[in-house]
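Scroll down for the structure; my scribbles are underneath it.
Residue numbers start from 1 in every chain, and the chains themselves are labelled A, B, ... in the order their sequence lines are given, proteins ahead of strands. Quick note: numbers below take in every heavy atom, side chains included, and nothing from hydrogens, waters or symmetry partners.
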Amino acid sequence: MPVKGMGLRDIMAKEKGNILDGWYNLILETYPPESRVFLKKKSDQFANPIGHTISASIEGILEGLLCNGAQEQMAVMLSDIIRIMAIQDCSPSDTILLILLLKRTLRDTTRGYVKGDQLFSELLAFEDKIDRLTLLSFDIFMKCREDVFNLKVNELKRSTFMIAKRLKSEGAETL
Amino acid sequence: MSNSKSEELSSDIKYTLPEEDWMDVPVRMKKGMYCHGANENSLITVGFPNPRQWSSSETNWKLPENWQDIVLTGMAERLEKYRSFHIFMDICVRCGACADKCHFFLGTGDPKNMPVLRAELLRSIYRREFTTAGKLFGKFAGARELNEEVLREWWYYFFQCTECRRCSVFCPYGIDTAEITMIARELLNLLGLNIEWIAGPVANCYMKGNHLGLEPHTITSSVEFLTDEIEELTGIKIEPTFNRKGAEILFVTPSGDLFADPGTYTCMGYLMLFHELGLDYTWSTYASEGGNFGSFTSNEMGKRLNSKIYAEAKRLGVKWILGGECGHMWRVLNQYMDTWNGPADFLEVPVSPITGTVFENASSTKMVHISEFTADLLKHDRLEIAPSRNDHYKVTYHDSCNTSRGMGLLEEPRYIIKKVCNNFFEMPEHTIREKTFCCGSGSGLNASENMEMRLRGGFPRANAVKYVKNKYDVDMLACICAIDRAALTTIMDYWVPGVRVIGVTELLANAMKMKGENNRQTDLRGDPLLGAEGGDAEEESEDV
Ligand code: SF4
Ligand code: SF4
């Protein structure tokens, strides 16, 4: 229901719950139907770790956007969810989809309010902020993939730890 | 986001997947989620059937022509031989209690990782071939035909089950999906469809006595190298014996402890403890593997590899066997060893030479877990302990699936940790003890090429560790399993950076004051002790 004098920020604060639900549901719809039912359950954070991480992380992201959170803080919150995506058969562009889903939810939720030019330009400005998140997401995704690669290298090093240590103690220069 | 497709962005974005019956969803083998196929030579070494070079990522698996007959005959034999398997095929009521209890389902969101569906992969064939309803009504009775697509699905999903048994804890009928996976892997093995990460170590163990294929001189020199490290740390020279006939105790541990970081520190812990006690024990360079990857291929192979431990105990004439920190080694010992190769009547019921405690629980297998042995020592105050030497750590404890659900070893490790550490914090109740979350890399799945699968499977465990890290600043994850030590280190690095992994015996050795030792400035891995600058970290301690 449009209320005269309401800025975008007020509308979003009011609709926060709906925006989050909408965004969350769109994300979950990318999972198979049998799993969606489970992931939608608001059970505790240990029984449903993916569902919990996604919902906690998107809430943090939205709040960060609303209160102009610092880039580093946004990165931490984005990282929680992208870390999951990076090992779930997602491509870098899938992380962009994640953010596009927020845009779509936001438009759907605020459609009824955005009548005048003022709100429309506020919405566009807000969407610019969301767009910046897409770039950040991409970087985080690539970092996670690099981490996965390094995990393999480090695991190999640890499994031959004694050989390296012995060679070192026996005076070998490198290894 | 497991099935989202970026291409969808370019056209009309379609966010949902088709709602199909699971049987109609074809298997899509995703890179990072499966291992390399077994090498021909690994299978030939142990005489496994149908050895050949094949690649799991290719479509042609070079199956023998009569492969369906082989599988169905194998299934019939196992239905006859294992009553439990037959019952598990019949009694599931699809109540769904197990569905969301598997770490692989929780970490992947893939419905075929729900234990109930994992079992259905096999059960659907059982119904079709071995039940009247399935023969008559086919799909309506939950039955389907065995074809190559089904076989690929089996291979993909039964090597995405770590045989951890968490699901069985929640099943009202006690259906153990791990046992179903074991049978499924046996059937795949009949076709030569194993994974190299398992088949290679099995062949090594069969030929050399350990998974890594270490020769006797490599084993002795590795242990001796560790004793040099101990001497540097404590000033005490330890001289362990190898293959010594007439020793009272044979000590067996996973071979990874001799080589891999951080297992080597746990191994130093064993050496220090036994020296301090003056234990009459010996290492063996032949029974040089506590683990048993054979048990991840077939019962028969598990039995063959396990038998070397008893054979060596007999050859050396020891009285009983002490075992190190390992997971599946203890599952095998507790659930299968006695049936396979026991009772070990030529050995004596284990008695601690230090406290006189008789380990009645091991009266048939004659094998005692290091944590049982150590907890008993601490209970009788036979070690001088300075827990403050672990004050630089905030510790939590991960129950290995095998020691907790496979043998009920819940209290002993905790008892030890509480005695040797001042900062111990449990993870939430439904993520530990019998309900512990698997590391995601067990049952021979700790390879490198399936890293994404391991990271997904390890996520529920990591999520609980993250909770205690955020709440209590926990920075050490203690465990009593060699695969955990290796695999959880990786899982932590990805999900909870800043948390390292430590064996319980390493914690013990940090805190244990040895007779005649130097004034220690660091712990076993070289981290400075709190207050060490003052020169006397342990003097500030209060024993608990
Ligand atoms: S045994 Fe463990 S890995 Fe296998 S289905 Fe059950 S919970 Fe999942
Ligand atoms: S809990 Fe047991 S009976 Fe229920 S679906 Fe799972 S396996 Fe079947």
Side-chain angles (χ1 to χ4, degrees), chain A residues 25-36 38-39 41 43-54 81-98 100-101 104 144 147-166 169, chain B residues 1-6 8-9 13 15-20 22 25 30-33 99-100 105-111 114 117 221-222 225-226 228-229 256 258-262 264 427-428 430-431 437 446 448-449 451-452 455-456 459-460 462-464 467 486-487 489-490 493-495:
Chain A
N25 286 336
L26 282 179
I27 295 172
L28 290 200
E29 281 180 14
T30 61
Y31 282 87
E34 296 93 334
S35 310
R36 239 177 271 157
F38 165 72
L39 288 170
K41 270 195 221 160
S43 42
D44 85 59
Q45 69 190 92
F46 305 106
N48 180 5
I50 290 192
H52 174 81
T53 305
I54 295 175
I81 186 166
I82 293 175
R83 209 148 261 280
I84 294 176
M85 295 175 72
I87 51 127
Q88 287 207 334
D89 196 33
C90 291
S91 63
S93 49
D94 286 329
T95 56
I96 292 170
L97 176 63
L98 168 78
L100 290 184
L101 294 177
R104 170 183 250 208
C144 291
D147 285 352
V148 172
F149 175 78
N150 286 332
L151 293 176
K152 296 182 192 179
V153 174
N154 292 336
E155 203 163 74
L156 185 69
K157 277 192 198 155
R158 281 197 302 275
S159 68
T160 51
F161 174 68
M162 282 304 286
I163 301 173
K165 221 172 166 185
R166 280 170 67 176
S169 82
Chain B
M1 305 294 285
S2 59
N3 285 277
S4 65
K5 280 279 141 278
S6 52
E8 288 167 355
L9 284 173
I13 302 177
Y15 297 103
T16 53
L17 287 167
E19 313 237 351
E20 288 173 301
W22 69 267
V25 180
K30 298 171 190 164
K31 206 165 169 276
M33 296 294 288
D100 57 0
F105 173 68
L106 295 179
T108 61
D110 181 344
M114 293 176 179
L117 273 197
S221 63
S222 299
F225 182 78
L226 291 177
D228 293 343
E229 299 269 297
L258 301 178
F259 266 88
D261 172 36
T264 47
M427 283 181 273
H430 48 310
T431 73
F437 277 121
N446 52 328
S448 164
E449 64 271 16
M451 185 59 82
E452 276 83 347
L455 290 170
R456 294 184 203 197
F459 179 58
N463 182 54
Y467 176 81
T489 303
T490 300
D493 282 353
Y494 187 75
W495 294 114

Report the distance from atom [atom1] of [X] to atom [atom2] of [Y], rounding to the nearest 0.5 Å.
| X | Y | atom1 | atom2 | result |
| --- | --- | --- | --- | --- |
| B:Thr490 | A:Arg158 | OG1 | CZ | 4.0 Å |
| A:Asp89 | B:Thr108 | CG | OG1 | 11.0 Å |
| A:Asn150 | B:Asp493 | CG | CG | 10.0 Å |
| A:Asp147 | B:Met451 | CG | CE | 11.5 Å |
| B:Thr489 | A:Glu155 | OG1 | CD | 8.5 Å |
| B:Leu106 | A:His52 | CG | NE2 | 13.5 Å |

In terms of heavy-atom proximity below 4.5 Å to chain A, should [X] be classed as side chain, backbone, both, or neither?
| X | value |
| --- | --- |
| B:Thr431 | side chain |
| B:Ala464 | both |
| B:Pro428 | side chain |
| B:Leu258 | backbone |
| B:Thr264 | side chain |

Check: Between A:Gln88 (side chain) and B:Gly107 (backbone), is there a donor-acceptor pair under 3.5 Å?
Finding: yes
Next item on the list: Check the angle between the aromatic planes of B:Tyr467 and A:Phe46 and answer parallel, tilted or perpendicular using the 30° and 60° thresholds.
Entry: perpendicular
Taking all non-hydrogen atoms of both residues into account, name the closest pair between [X] and [Y] and its distance.
| X | Y | value |
| --- | --- | --- |
| B:Ala260 | A:Ser159 | CB-CA, 4.0 Å |
| A:Ile87 | B:Arg456 | O-NE, 2.6 Å |
| B:Tyr494 | A:Val148 | CE1-CG2, 3.8 Å |
| A:Lys41 | B:Asp100 | NZ-OD2, 3.6 Å |
| B:Asn463 | A:Pro49 | ND2-CB, 3.5 Å |

Next item on the list: Could you go through the side-chain hydrogen bond (donor to acceptor under 3.5 Å, both in side chains) check for A:Asp44 and B:His430 one step at a time?
Entry: CA-CA 11 Å; A:Asp44 85 59; B:His430 48 310; 2.9 Å; yes
Next item on the list: Count the heavy-atom pairs under 4.5 Å between each of B:Met33, B:Glu229, B:Glu449, B:Lys31 and chain A, then report the option with the highest count.
Entry: B:Glu229
Check: Between B:Ala487, B:Ser221, B:Ala99, which has the largest tally of heavy atom pairs under 4.5 Å with chain A?
Finding: B:Ser221
Next item on the list: Applying ring pair (Phe, Tyr, Trp, His ring centres under 6.0 Å), name anything that partners B:Phe259, two or more places apart in sequence or on another chain.
Entry: none
Next item on the list: Count the heavy atoms of every other residue, nucleotide or ligand shown that sit under 6.0 Å from NZ of A:Lys152, and state whether that count exceeds 12.
Entry: yes
Checklist line | Heavy-atom proximity to chain B below 4.5 Å, by part of A:Ile84 | finding: both
